[in-house]
Amino acid sequence: MADYRASGAPPDVAIGFAVDDPVTVATDALILTVPPGDAAWNGPLAAVDTALGGALKAALADAGFKGDTGKAQVVPTLGRIPAKRIVATGLPESGASAEAIRKAYGAAAAAAKRAGAREVAVAAVGGDDVTAAYRAAVEGALLAVYDFRKYRFSSSDDTGAGVTKLTFLTEASEAANAGVAQGFALAAGVYLARDLVFEPGEAIYPASMAQVAADMARENELDCVVYDEVQLAEMEAGALVAVGKGSEHPARLIHLTYTPSGESKGTVALVGKGITFDTGGLNLKPTGAIETMKTDMAGAAAVIGAMRAIAALDLPFTVYGIVAAAENTPSATAFRPGDVLRAMNGKTIEILSTDAEGRLVLADALVYAARKGADELIDLATLTGAKTIALGDESVAVFSNDDAFAQRIIAASKEAGELYWQLPLWDELKGQIKSEIADMKNTGGRPGGAITAALLIAEFTEGKPWVHLDIAGAAWTSKERPYTPKGAVGIGVRTLVNYLEAKAAE
Ligand code: BES
Ligand code: MN
Ligand code: ZN
């Protein structure tokens, strides 16, 4: 049985294949897909219902289960077949999108986990493209059973360690195996991103985030270089260093590199905002705004997670994963409103608010990426509250100096089932960040706040094609979704990978 478990790293779920009959397989939970509405039952679904004397159909009808995608229903088998319970999950028999497959297997795996199942069996996954179908099923199931348990030692509703084994009841074809490996790689990237976002600010600060990145790089054969605050000052990264000045944990710049096995068709830089905690600095955030600010490194987490997934896939590009890490906190050594910072490209920024710090650290990271030879730049940042006002919590705002590039990212996001929407980079709003004493000031006031933040970052892209993704709000969910438990989402990881895969296929 194939075992895709990475050494010691999550997802701690062994995935394999076994030629076995759903009617006689012994397992904690047997996942069966059910077509919507009154469609006829056949295959394993019909066989299991017959073995149960029609009780499955009756139980689903009784529960009001109609086979809607993203809905799952647990049915106990009361010892009538060796599988302890059936998890019915809605999915059309043909023509299902990758997102529908992710939702179906996600909802089913989450229901199995809630029921206390550890070993889960799945009848063969159908689909025109076998690799794509298995990739989506594994992605959905693994993402749904994710659980950040590290700090939970005792709790009454704890159902145990969760799902540890997922077995497809079919032979391991090459195409299915490839899909499982891809789905696992994507989930491993999202798991790492979610872990980093869940970790409190006490545990994840610039140097410890750099250590996580370096360890991941070593395990996955990526290169990793970390610059400390002294080296950053020598490199004239005045904006990044300033944001980290108030903290006992000074700033770091993390540079991961993936090098393709064959010839490189170009260099893509993924750049993440890594504010490990955003107090607002001397412009301290009030109660109500500060509680979730351990998540202000979600852009960095997405970059580090995506690099983990990229390391496992065979892409023909050099990929940089660059993280600007700092803790934004007030103290006697903190940067102040009124200070004028000088970024790596010599441009100066007057500080109006120390709480508009993300754009400052990105400024230096983008100049660094461009100067290291990146052909295109993609940054991800929990940048502005204004983004959530404009587009809501779940979505990602896309800004770019190259509309075709933005559209390619948006196409990749649709494939991933993430909600991206382009907002304009209007020059007409640039007056809002004009300073009397420096090249620009770091806030443009409330109107169009997500746009003026993007306009500032655009000053540091060194003429390269660039997409900026404002992920504020989208990095954390207070509501469970079919394959996204409450909390850290891991937003961006799968879209970035999809983008690179689509670019490779061009
Ligand atoms: N990290 C915040 C943005 C944020 C807000 C992320 C809510 C996630 C949820 C960012 O550093 C910030 O404080 N932005 C300010 C900018 C303002 C001072 C110009 C904001 O949006 O209020
Ligand atoms: Mn801030
Ligand atoms: Zn911030």
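Not measured: the values here are computed from a predicted model. Ligands are counted one by one from 1 in listed order, and the atoms in each one are counted from 1 as well.
- Side-chain contact of Asp195 with Tyr146: a donor-acceptor pair under 3.5 Å is present, judged by distance alone.
- Here Glu99 does not pair with Lys414 in a salt bridge; the nearest charged N to carboxylate O distance is not below 4.0 Å.
- With respect to Lys273 and Glu357, a salt bridge is recorded, a charged nitrogen being found less than 4.0 Å from a carboxylate O.
- Side-chain contact check for Asp379 and Trp466: at least one donor-acceptor pair (N or O, by modelled atom type) lies under 3.5 Å.
- In summary, of the residues considered (Lys294, Arg194, Lys150), a salt bridge (charged side-chain N to carboxylate O under 4.0 Å, His left out) with Glu199 occurs for Lys150 alone.
- Closest to atom 12 (C) of ligand 1, if we only count protein heavy atoms, is Asp355 O, 3.2 Å.
- When the Mn ion (ligand 2) is compared with the N/O/S atoms of Asp278, atom OD2 turns out nearest.
- Residues Lys464 and Asp375 are not paired through a salt bridge, judged by the lack of any N-O separation under 4.0 Å between the basic side chain and the carboxylate.
- Aromatic ring centres of Phe184 and Tyr134 lie farther apart than the 6.0 Å criterion allows.
- Taking the ring centroids of Tyr227 and Tyr368, they lie under the 6.0 Å cut-off.
- Excluding waters, the set of protein N, O or S atoms lying under 2.8 Å from the Zn ion (ligand 3) comprises Lys273 NZ, Asp278 OD2, Asp296 OD2, Glu357 OE2.
- Counting just the N/O/S atoms of Glu357, the one with the shortest distance to the Mn ion (ligand 2) is named OE1.
- Under a 4.0 angstrom heavy-atom cut-off, Lys285 registers as being in contact with ligand 1.
- In the vicinity of Ala472, heavy-atom distances shorter than 4.0 Å reach the ligand 1 atoms 6 (C), 8 (C).
- Of all the atoms in ligand 1, the ones that sit under 4.0 Å from a non-hydrogen atom of Asp278 are 1 (N), 2 (C), 10 (C), 11 (O), 13 (O).
- The protein heavy-atom contact nearest to atom 18 (C) of ligand 1 is Ser353 OG, 3.8 Å.
- Below 3.5 Å of separation, one finds an N or O of Asp296 facing an N or O of ligand 1.
- Closest protein heavy atom to atom 20 (C) of ligand 1: Gly385 N, 3.8 Å.
- If you check which protein heavy atom lies closest to atom 14 (N) of ligand 1, you get Leu383 O, 3.5 Å.
- Applying the 4.0 Å criterion to heavy atoms of Arg359 picks out, from ligand 1, the atoms 16 (C), 19 (C).
- Inclusion of Asp296 in the first shell of the Mn ion (ligand 2) is not supported: no N, O or S atom falls under 2.8 Å.
- A donor-acceptor contact closer than 3.5 angstrom is absent between the side chains of Ser353 and Thr443.
- With 3.5 Å as the limit, one finds no donor-acceptor pair spanning the side chains of Asp403 and Gln407.
- Under the 3.5 Å distance criterion, with hydrogens and angles disregarded, a donor-acceptor pair is assigned to the side chains of Thr495 and Glu418.
- Scanning the protein for heavy atoms near atom 7 (C) of ligand 1, the closest one is Met293 CE, 3.8 Å.
- A salt bridge links Lys430 with Glu459; the closest basic N to acidic carboxylate O contact falls under 4.0 Å.
- Taking a 4.0 Å cut-off on heavy atoms, Lys273 registers as neighbouring ligand 1.
- Counting heavy atoms closer than 4.0 Å to ligand 1, residue Thr443 contributes side-chain atoms (C-beta onward) but none from N, CA, C or O.
- Under the 4.0 Å criterion applied to side-chain N and carboxylate O atoms, Lys503 and Glu506 are not assigned as salt-bridge partners.
- The pair Glu501-Arg135 counts as a salt bridge, with a side-chain nitrogen and a carboxylate oxygen less than 4.0 angstrom apart.
- Each of the following atoms of ligand 1 lies closer than 4.0 Å to a heavy atom of Glu357: 11 (O).
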